[in-house]
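Everything below concerns the one structure shown next.
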Amino acid sequence: MAPGRIDSPTERSETIATSKPTVYLLDTFHPTAVKHAQTKFNVVLPSDPKHAHWRENAEYLLIRSSYLRKEDVDSCPRLKAIGKQGVGIDKIDADACKSRGIQIFNTPGVNAQAVAETVLSLTMSVARQVGHITARQTEGEVVPKESCSGLIICNKTVGIVGMGNIGQKAAKIFQGGLGCKIIAYDPLLPKDAWADIPHVRAATLEEVLDSSDVVTLHIPLLPQTRGLISYPQLERMKSNAILINAARGGIVNESDLQRALEEKLIFGAGLDCHEQEPPTKERYGDGDCHGCGRSVG
């Protein structure tokens with residue numbers, strides 16, 4: 001503003017706008033979240049022509065499901081920080097960011113209730129063979145009730161691997177709604193964790209696998225957790241047990257899981273994440289384990 005001159009409202013608004021940091025959204029977010037972001041930042045949406053130049057221009061990124069690999073980080077010379085919706089940051093090359101001093105901010109707990117309810121939905125879908133029956137009906141088969149079987153989850157034992165926000169909410173849902181007994185395993189949390197939730201604290205993963213009717217995973221994908229559930233672990237589970245993975249693809253070895261289902265080592269599995277993301281029909285088919293009668297949610 002020149003001395004003795006008063007800016008117009010338009011000029012003032014432009015000055016305010018340019019004083020805000022600019023953030024590039026690499027994914028689609030809920031309109032309410034976008035609207036809130038626009039009160040704090042200059043937001044460049046994927047539909048904006050300027051978005052094509054995010055690599056050379058972005059100082060701040062907001063992502064939800066996109067991958068940000070080392071070559072992506074290296075191609076962003078101005079990048080200072082990344083905001084990630086959700087708790088998991090395994091899709092971001094954290095080492096590449098650390099070497100550049102790029103901060104990563106996640107949102108632990110923001111979707112805990114939604115994921116916990118998804119776990120319940122997957123469990124009940126597998127227990128009542130919804131996926132398997134739907135696949136048979138889609139192929140034109142008439143499915144009489146007498147040909148269907150299922151499991152009752154009420155009062156059963158639910159094993160929770162990973163006692164963070166999502167695991168806690170899942171425990172409360174199964175316990176409060178279905179009277180399930182909870183056995184939980186997490187070597188990183190103190191012994192007094194979950195003091196408000198009646199549960200048995202397992203000393204080992206094997207203890208959970210041996211005693212649970214439902215095993216649900218709530219841990220990050222790390223080098224030490226990749227393939228954590230493979231054939232030897234599936235062999236330990238009950239023949240009428242259900243495995244749920246709503247955490248990260250890769251924690252469960254999918255080839256071993258398919259073998260276990262075909263051999264009827266467990267009753268079924270419900271997956272909300274896969275080794276290949278996004279999943280394709282070419283790899284995963286229609287969601288049924290090749291006619292083995294054990295549904296994969």
Side-chain angles (χ1 to χ4, degrees), residues 1-118 164-166 169 218-222 246-250 272-274 276-280:
M1 181 176 72
R5 178 176 175 271
I6 299 176
D7 286 342
S8 69
T10 300
E11 290 171 326
R12 285 198 300 272
S13 65
E14 288 177 351
T15 300
I16 293 171
T18 55
S19 67
K20 294 180 181 179
T22 297
V23 62
Y24 286 75
L25 274 58
L26 296 193
D27 296 294
T28 300
F29 289 83
H30 192 280
T32 302
V34 174
K35 186 176 180 179
H36 177 71
Q38 288 170 333
T39 68
K40 307 291 184 181
F41 306 95
N42 293 318
V43 175
V44 182
L45 299 171
S47 57
D48 191 318
K50 293 183 293 185
H51 194 275
H53 305 288
W54 67 268
R55 293 177 184 275
E56 56 262 43
N57 294 329
E59 293 182 310
Y60 305 99
L61 295 175
L62 191 60
I63 69 176
R64 183 171 59 88
S65 58
S66 289
Y67 285 86
L68 206 68
R69 298 182 172 88
K70 183 180 186 301
E71 54 267 30
D72 300 310
V73 175
D74 291 343
S75 69
C76 299
R78 304 178 64 188
L79 190 59
K80 297 177 180 177
I82 302 163
K84 168 65 170 65
Q85 179 181 329
V87 64
I89 61 169
D90 50 279
K91 293 184 177 181
I92 301 171
D93 193 315
D95 291 335
C97 290
K98 184 178 180 181
S99 68
R100 290 262 310 278
I102 299 168
Q103 296 188 64
I104 303 172
F105 300 93
N106 62 348
T107 55
V110 69
N111 60 348
Q113 186 64 33
V115 176
E117 291 183 14
T118 297
N165 291 313
I166 298 172
K169 290 188 178 294
H218 302 290
I219 54 179
L221 179 62
L222 302 169
R248 285 290 184 270
D272 188 47
C273 49
H274 305 80
Q276 176 181 301
E277 292 284 358
T280 62

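We use all heavy atoms of the structure for the numbers below, so side chains are in, but hydrogens, waters and symmetry mates are not.
Applying the side-chain hydrogen bond (donor to acceptor under 3.5 Å, both in side chains) rule to Thr32 yields the partners His30; only residues at least two apart in sequence or on another chain are considered. Evaluation of the salt bridge (Lys or Arg N to Asp or Glu O under 4.0 Å) rule for Lys80 yields Glu59 as partners, not counting sequence neighbours. Partners of Asp27 under the salt bridge (Lys or Arg N to Asp or Glu O under 4.0 Å) rule, at least two apart in sequence or in another chain, do not exist in this structure. With sequence neighbours left out, Lys98 forms a salt bridge (Lys or Arg N to Asp or Glu O under 4.0 Å) with no residue at all. Shown here are the side chain to side chain contact (heavy atoms under 4.5 Å, CB included) partners of Ser75, two or more places apart in sequence or in another chain: Arg55.
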Using atom types as modelled, flag every donor-acceptor pair under 3.5 Å from a side chain in residues 111-118 to any protein atom, sequence neighbours excluded.
unit_1	atom_1	unit_2	atom_2	d
Gln113	NE2	Glu117	OE2	3.0
Thr118	OG1	Ala114	O	2.9

Taking only distance into account, with no hydrogens and no angle test, what donor-acceptor pairs under 3.5 Å do side-chain atoms of residues 100-109 form with protein atoms, sequence neighbours excluded?
unit_1	atom_1	unit_2	atom_2	d
Arg100	NH1	Val73	O	2.9
Arg100	NH2	Cys76	O	2.6
Asn106	ND2	Val87	O	2.9
Thr107	OG1	Gly86	N	2.6

Less than 3.5 Å apart, which donor and acceptor atoms pair up between the side chains of residues 43-54 and the rest of the protein, not counting sequence neighbours?
unit_1	atom_1	unit_2	atom_2	d
Asp48	OD1	Lys50	N	2.8
His51	NE2	Leu25	O	2.7
His53	ND1	Glu56	OE2	3.0

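Taking CZ of Phe29 as the start and CD1 of Ile63 as the end, the distance is 7.5 Å to the nearest 0.5 Å. Expressed to the nearest 0.5 Å, how far CD1 of Ile166 lies from CD1 of Ile219 amounts to 11.5 Å. Rounding to the nearest 0.5 Å gives a distance of 11.5 Å between CD1 of Ile92 and OH of Tyr67. Here Ile82 contributes atom CD1 and Cys97 contributes atom SG; the two are 3.5 Å apart, rounded to the nearest 0.5 Å.
Closest approach of Arg64 to Gln85, counting heavy atoms only: CD-OE1, 3.3 Å.
Contact of the Asn57 side chain with the Thr22 side chain is not registered, since no non-hydrogen atoms from C-beta on lie closer than 4.5 Å. Contact of the His36 side chain with the Thr39 side chain is registered, since non-hydrogen atoms from C-beta on lie closer than 4.5 Å.
The salt bridge (Lys or Arg N to Asp or Glu O under 4.0 Å) contacts involving residues 86-97 comprise Asp90-Arg248, where partners must be two or more places apart or lie in separate chains.
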